[in-house]
Amino acid sequence: MKELKDKIEEHKRNFDRAIAQVKDENAIQKVRNLYLSRKRGYLRFLFEDLKTLKPEEKPEVGQMVNDFRNYVQDKLQSLKEEFTTPRPVLKKVDLTLPGKKRYWGSPHPILLFQQEIENIFLRMGFSIAEGPEIETDYYNFEALNFPPHHPARDDWDTLYITDDLLLRTHTSPVQIRVMEKKKPPIMIINPGKVYRKEDPDPTHLPMFYQVEGLVVDIGITLAHLKGTLEYFLKTLFHEKIKIRFRPSFFPFTEPSAEVDIGCTVCQGKSKECRVCGGSGWIEILGSGMVDPQVLKNVNIDPEKYSGFAFGLGVERTAMFAFQIPDMRYFYENDLRFIREFSLK
Ligand code: DAH
């Protein structure tokens with residue numbers, strides 16, 4: 001009986017060693033045959049050996065042989081499952097490839113362009129002022145020398161909220177708000193949104209941006225106006241640009257001038273140019289010497305002080321700077337367009 005027990009122990013040790021080395025399904029099959037084959041498997045012989053024992057020895061050793069058989073069957077079964085269940089295939093990743101770039105978004109082209117304009121004036125010593133987009137009739141018109149029935153009001157199709165409240169049609173009311181609060185010297189620009197009752201078309205929008213400028217001090221002349229605007233436009237459009245001042249009219253400046261630049265599209269070479277209409281010039285901003293009446297309206301003595309002012313449309317200027325044929329592109333939010341201008 002002892003002999004048979006030792007034999008079972010030894011078979012178990014050998015079996016454990018054999019399955020530790022198994023590397024594929026074939027090898028499992030071989031071990032299975034070795035132990036479980038009906039004809040020549042070790043277990044079959046162990047069961048045969050049982051018959052040689054005395055009847056009282058049989059239950060204990062028989063139990064051992066049975067346990068060993070179950071052990072072998074279970075082990076082989078779980079090994080087989082290990083080999084046959086598909087393992088997750090690890091994708092090969094090339095860690096040296098550049099990662100996928102995420103588009104983080106960027107400031108809107110008009111904001112970027114506005115900042116470019118601001119920076120030129122900030123370098124000249126201007127500071128930035130702001131005012132409300134909902135204005136009173138007084139600031140938008142009257143203080144700027146447009147009396148109630150003045151025909152110049154017709155130049156703006158105004159969006160009224162009440163008889164006295166409106167969406168500002170230009171940034172010029174900020175001139176008044178600044179001069180009411182601060183005495184000269186004044187040197188400010190005011191970028192901001194303005195509103196007009198317009199149907200959108202390639203050169204008009206009901207909402208757009210302007211940058212207003214105002215300088216008031218002792219001894220300010222038209223030469224300062226001209227020098228400042230020339231420097232600004234040459235910096236924005238680069239040295240080569242041609243500039244001209246053309247007499248004009250605004251109620252709040254006297255004299256007034258509109259400033260044109262040489263056409264950036266045809267350089268004055270095409271009689272059929274759709275941008276300049278063949279004239280070779282495009283109007284870029286309005287300007288003038290602050291009307292003495294406007295200074296009086298804010299209690300600044302026009303005998304002592306003088307000033308100049310100007311206003312330019314940001315989208316319009318951006319169109320010429322980047323040769324964009326339609327102002328509406330800025331607000332259609334087509335990412336192919338917007339991304340052209342994004343900060344890389
Ligand atoms: N506010 C004028 C407009 O919207 C532009 C303008 C013209 C502003 C002359 C000025 C100026 O400050 O002096 O058309």
Would you please name every residue forming a salt bridge (charged side-chain N to carboxylate O under 4.0 Å, His left out) with [X], sequence neighbours left out?
X	value
Glu272	none
Glu212	none
Asp326	Arg328
Arg244	Asp260

Would you say that [X] contacts [Y] through its side chain, given a criterion of any heavy-atom pair below 4.5 Å between the two side chains?
X	Y	answer
Asn297	Glu142	no
Ile128	Ile188	no
Leu166	Phe141	yes

- [ ] Walk me through it: do Ile186 and Gln175 pass the test side-chain contact (heavy atoms from CB on, under 4.5 Å)?
- [x] CA-CA 10 Å; Ile186 293 169; Gln175 292 186 26; over 6 Å; no
Determine which pairs satisfy side chain to side chain donor-acceptor pair (under 3.5 Å) with at least one residue from [range], sequence neighbours left out, and list them in order.
range	result
residues 188-197	Glu133-Tyr195
residues 299-317	Glu315-Tyr331
residues 43-53	Lys7-Asp49, Arg44-Glu48

Open item on the list: Running the 4.5 Å side-chain criterion over Ile, Leu, Val, Met, Phe, Trp and Tyr, what cluster does Leu95 land in, apart from itself?
Closed with: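 ILVMFWY cluster around Leu95 also holds Val93.
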Task: Other cluster members, Phe208 - Ile/Leu/Val/Met/Phe/Trp/Tyr, side-chain contacts below 4.5 Å - done: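 In the cluster with Phe208 are Val194.
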Quiz: residues 13-29 side-chain donor-acceptor pairs under 3.5 angstrom, not counting sequence neighbours:
unit_1: Asn14; atom_1: OD1; unit_2: Arg17; atom_2: NH1; d: 3.4
unit_1: Asp16; atom_1: OD1; unit_2: Tyr71; atom_2: OH; d: 2.7
unit_1: Asp24; atom_1: OD1; unit_2: Asn26; atom_2: N; d: 3.3
unit_1: Asp24; atom_1: OD1; unit_2: Ala27; atom_2: N; d: 2.9

Task: Ring geometry between His150 and Phe249 (parallel below 30°, tilted from 30 to 60°, perpendicular above 60°) - done: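 Rings of Phe249 and His150: parallel, under 30°.
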- [ ] Describe, in one word, how the ring planes of Phe68 and His11 are oriented to each other, choosing from parallel (under 30°), tilted (30 to 60°) and perpendicular (over 60°).
- [x]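 Answer is parallel, since the angle falls under 30°.
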Task: CZ (Phe121) with more than 12 external heavy atoms under 6.0 Å - done: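 Check passes, neighbour count above 12.
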TODO: Inspect the surroundings of CD in Glu130 and state if more than 12 heavy atoms from other residues, nucleotides or ligands are less than 6.0 Å away.
DONE: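 Not buried by this count: 12 neighbours or fewer within 6.0 Å.
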TODO: State whether a side-chain donor-acceptor pair under 3.5 Å links Gln77 with Gln73.
DONE: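 No.
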Open item on the list: I'd like to know if the side chain of Gln115 pairs up with that of Asn119 as donor and acceptor (distance under 3.5 Å, no hydrogens or angles considered).
Closed with: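 Side chains of Gln115 and Asn119: no pair found under 3.5 Å.
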- [ ] Check the hydrophobic clustering (I, L, V, M, F, W, Y; side-chain heavy atoms under 4.5 Å; chains of links allowed) and say if Phe45 and Ile8 are grouped together.
- [x]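 No; tracing contacts between hydrophobic side chains, which count when under 4.5 Å, never links both residues.
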Task: Salt-bridge criterion met for Lys226 and Glu230 (N-O under 4.0 Å) - done: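 Between Glu230 and Lys226 there is a salt bridge, with a charged N closer than 4.0 Å to a carboxylate O.
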When the side chains of residues 276-287 are checked against the rest of the protein, which donor-acceptor pairs come out under 3.5 Å, sequence neighbours left out?
unit_1: Ser279; atom_1: OG; unit_2: Cys276; atom_2: O; d: 3.0
unit_1: Ser279; atom_1: OG; unit_2: Trp281; atom_2: N; d: 3.1
unit_1: Ser279; atom_1: OG; unit_2: Trp281; atom_2: O; d: 3.2
unit_1: Ser287; atom_1: OG; unit_2: Ala257; atom_2: O; d: 3.0

Open item on the list: I want to know whether Phe310 and Phe232 have ring centres closer than 6.0 Å.
Closed with: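 No: the rings miss the under 6.0 Å criterion.
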Open item on the list: Under 6.0 Å between ring centres: does that hold for Phe322 and Phe341?
Closed with: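 Yes: the rings meet the under 6.0 Å criterion.
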Open item on the list: Test: salt bridge (charged side-chain N to carboxylate O under 4.0 Å, His left out). Region: residues 163-188. Which pairs qualify, not counting sequence neighbours?
Closed with: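 The answer is Glu135-Arg177.
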